[in-house]
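Structure, as structure tokens:
Protein chains get the first letters and strands the later ones, always in sequence-line order, with residue 1 at the start of each.
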2 protein chains.
Amino acid sequence: MTRSTRQGEGTKGTRQARSDRSREQILLAALDLALEHGYQGTTMAAVSASSGLPIGSVYWHFKSKEQLFVALLEHCHKAWTELHSGPEGLRRKLHRGIAGLSGADPEQYTKEEALLKAAAVWALSRQLGGLGEDNEVRAAYLRMRVEMFKVDVERITESVPADVVERFPDLPTKLTVLSLALTDGFYVHANSDVHLELDFAEYADMAARALEGLVDDYARRAAGKGQ
Amino acid sequence: MTRSTRQGEGTKGTRQARSDRSREQILLAALDLALEHGYQGTTMAAVSASSGLPIGSVYWHFKSKEQLFVALLEHCHKAWTELHSGPEGLRRKLHRGIAGLSGADPEQYTKEEALLKAAAVWALSRQLGGLGEDNEVRAAYLRMRVEMFKVDVERITESVPADVVERFPDLPTKLTVLSLALTDGFYVHANSDVHLELDFAEYADMAARALEGLVDDYARRAAGKGQ
DNA sequence: GTCTATACTAAGATAGAC
DNA sequence: GTCTATCTTAGTATAGAC
């Protein structure tokens with residue numbers, strides 16, 4: 001985004017604008033392909049074909065496959081951050097995580113968020129051949145994950161009564177871990193098209209009830225003389 | 001490891017026995033490698049090197065990489081079935097699933113069970129390039145998963161009061177799905193070596209309490225006039 | 001900046017001697 | 001049944017014309 005002299009040019013724009021558009025096309029093509037085929041499964045040739053740009057152009061914009069995916073993760077992380085700026089209770093979080101990611105609630109579904117969840121699986125250390133130890137994509141993802149985890153904890157803290165938090169300071173962290181585990185777990189299920197199709201909305205509700213019950217337990221303990 | 005002489009049959013055994021031993025060596029090497037590197041990440045060359053047998057022998061015993069992994073899954077499924085023959089309550093199941101798989105409780109940890117959990121992730125449909133649609137490994141895994149799911153449901157049914165089951169017949173299934181999601185989710189965490197190391201035993205306990213709370217809810221509803 | 005043609009490499013698989 | 005040498009393919013990446 002250096003020169004912005006947007007003279008006339010309806011559809012085409014400046015050379016810079018055209019380049020930017022190409023870059024975005026590549027990124028969006030990679031997003032779709034990555035959701036469908038994963039990291040290893042997404043070939044640069046496929047990105048080229050799907051974006052409509054020749055492979056040379058892809059390598060002009062991104063110097064390697066790793067760099068392309070780092071850029072893709074950054075794109076998704078940015079989208080995630082914007083999406084998660086308002087308040088969000090435990091129940092809504094689980095609903096978005098379980099029913100949204102599974103695609104059961106299209107309202108809550110964004111490809112960017114789904115890709116971040118997919119990346120969690122790619123990043124399984126040493127696993128999958130996908131993202132090996134010294135892979136920049138993995139490193140970038142782990143950085144973002146720490147960041148997103150912090151945001152999650154803060155937002156979950158808001159939805160736990162203040163006195164309970166005071167009595168059990170690490171409860172929000174634990175709830176965050178549990179809800180993350182649940183969403184990750186359902187993500188695995190949702191994308192495994194195993195047996196009967198599940199009613200994810202109902203499971204989101206059950207999961208929320210289960211965690212809320214846990215909070216109630218701690219609240220009771222906080223109200224009593226404490227354990 | 002040359003063949004040399006067939007002196008005392010004690011350790012060496014017949015030619016058949018030697019062949020069987022080779023086959024097992026290959027499977028065990030593949031098990032370790034697969035846990036470490038996943039499906040894509042495990043190369044036939046590595047299996048050959050790690051097992052001590054040349055690649056030609058590996059292909060003599062298993063006609064393809066896919067067949068090798070199908071055999072490996074069968075080996076693990078057999079181990080799983082033996083392991084899960086006795087009774088096992090919800091709490092113990094979650095402990096095994098969360099603390100065991102993470103390695104936090106070595107007592108509960110078996111490589112075979114861990115591999116099956118890893119395979120759940122590999123099987124993410126269309127994902128990872130690992131196990132594509134028409135992959136025999138994936139098909140074999142999905143068959144086993146259905147089987148194991150049934151066993152899980154039956155065993156969880158036993159740990160829910162009979163009257164509650166009668167009132168809410170699909171509750172055991174739902175609990176099974178939730179506990180599967182939790183264990184899958186924690187498996188992802190445990191193998192992502194992200195931020196702070198978690199106390200999986202404690203999380204196993206929290207998860208158990210959360211689900212037990214859910215059961216209590218249904219029990220109360222069953223006791224009352226019902227929802 | 002865009003594109004075609006091609007070099008390089010890793011990995012699955014096979015042939016055939018022993 | 002075991003092993004070495006080799007074939008084949010697919011996928012990342014680059015060179016260089018336009």
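The phosphate of D:dT2 has OP1 or OP2 within less than 4.0 Å of a side-chain N or O from B:Ser22.
For B:Arg23, there are no side chain to side chain donor-acceptor pair (under 3.5 Å) partners two or more places apart in sequence or in a different chain. With sequence neighbours left out, the side chain to side chain donor-acceptor pair (under 3.5 Å) criterion links A:Glu158 to no other residue. Applying the salt bridge (Lys or Arg N to Asp or Glu O under 4.0 Å) rule to A:Lys78 yields no partners; only residues at least two apart in sequence or on another chain are considered. Looking at residues two or more places apart in sequence or on another chain, you find a side chain to side chain donor-acceptor pair (under 3.5 Å) between B:Asp20 and B:Gln16. For A:Glu202, the salt bridge (Lys or Arg N to Asp or Glu O under 4.0 Å) partners are B:Lys174, not counting sequence neighbours. Partners of B:Glu113 according to the side chain to side chain donor-acceptor pair (under 3.5 Å) rule, which considers only residues two or more places apart in sequence or in another chain, are B:His84, B:Arg96.
Counting to the nearest Å, the C1' atom of D:dT12 and the CD atom of A:Gln67 are 14 Å from each other. The interatomic distance linking B:His37 (NE2) with C:dA11 (C1') rounds to 15 Å, in whole Å. For B:Ile26 and D:dC3, the CD1 to P distance is 10 Å, given to the nearest whole Å. Separating the CH2 atom of A:Trp60 from the P atom of D:dA15 is a distance of 16 Å, rounded to the nearest angstrom. One interatomic measurement links the two molecules: CG of A:Asn135 to P of D:dT12, which rounds to 13 Å at whole-angstrom precision.
Taking the six-membered ring for Trp and thresholds of 30 and 60 degrees, B:His189 and B:Phe186 have ring planes inclined between 30 and 60 degrees apart.
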For nucleotides 12-16 of chain C, give me every protein contact, N/O to N/O, under 3.5 Å, one pair per line with atom names.
| from | atom 1 | to | atom 2 | distance (Å) |
| --- | --- | --- | --- | --- |
| C:dG12 | OP1 | B:Lys65 | NZ | 2.8 |
| C:dG12 | OP2 | B:Met44 | N | 2.9 |
| C:dA13 | OP2 | B:Tyr59 | OH | 3.1 |
| C:dA13 | OP2 | B:Lys65 | N | 2.9 |

Dump the pairs, protein N or O against N or O of nucleotides 7-9 of chain D, anything under 3.5 Å, distances to one decimal.
none

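Residue pairs meeting the ring pair (Phe, Tyr, Trp, His ring centres under 6.0 Å) criterion with at least one partner in residues 45-66 of chain A, sequence neighbours excluded, do not occur; the list is empty.
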Do A:Leu101 and A:Gln108 pass the side chain to side chain contact (heavy atoms under 4.5 Å, CB included) test, and can you show the C-alpha distance, the side-chain angles, and the key distance before you say yes or no? CA-CA 8 Å; A:Leu101 279 182; A:Gln108 304 263 321; over 6 Å; no
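Picking from C:dC3, D:dC3, D:dG1 the nucleotide with the shortest atom distance to the side chain of A:Leu53 gives C:dC3. With C:dG1, D:dT2, C:dC3 as the candidates, the nucleotide lying closest to the side chain of B:Ser57 is D:dT2.
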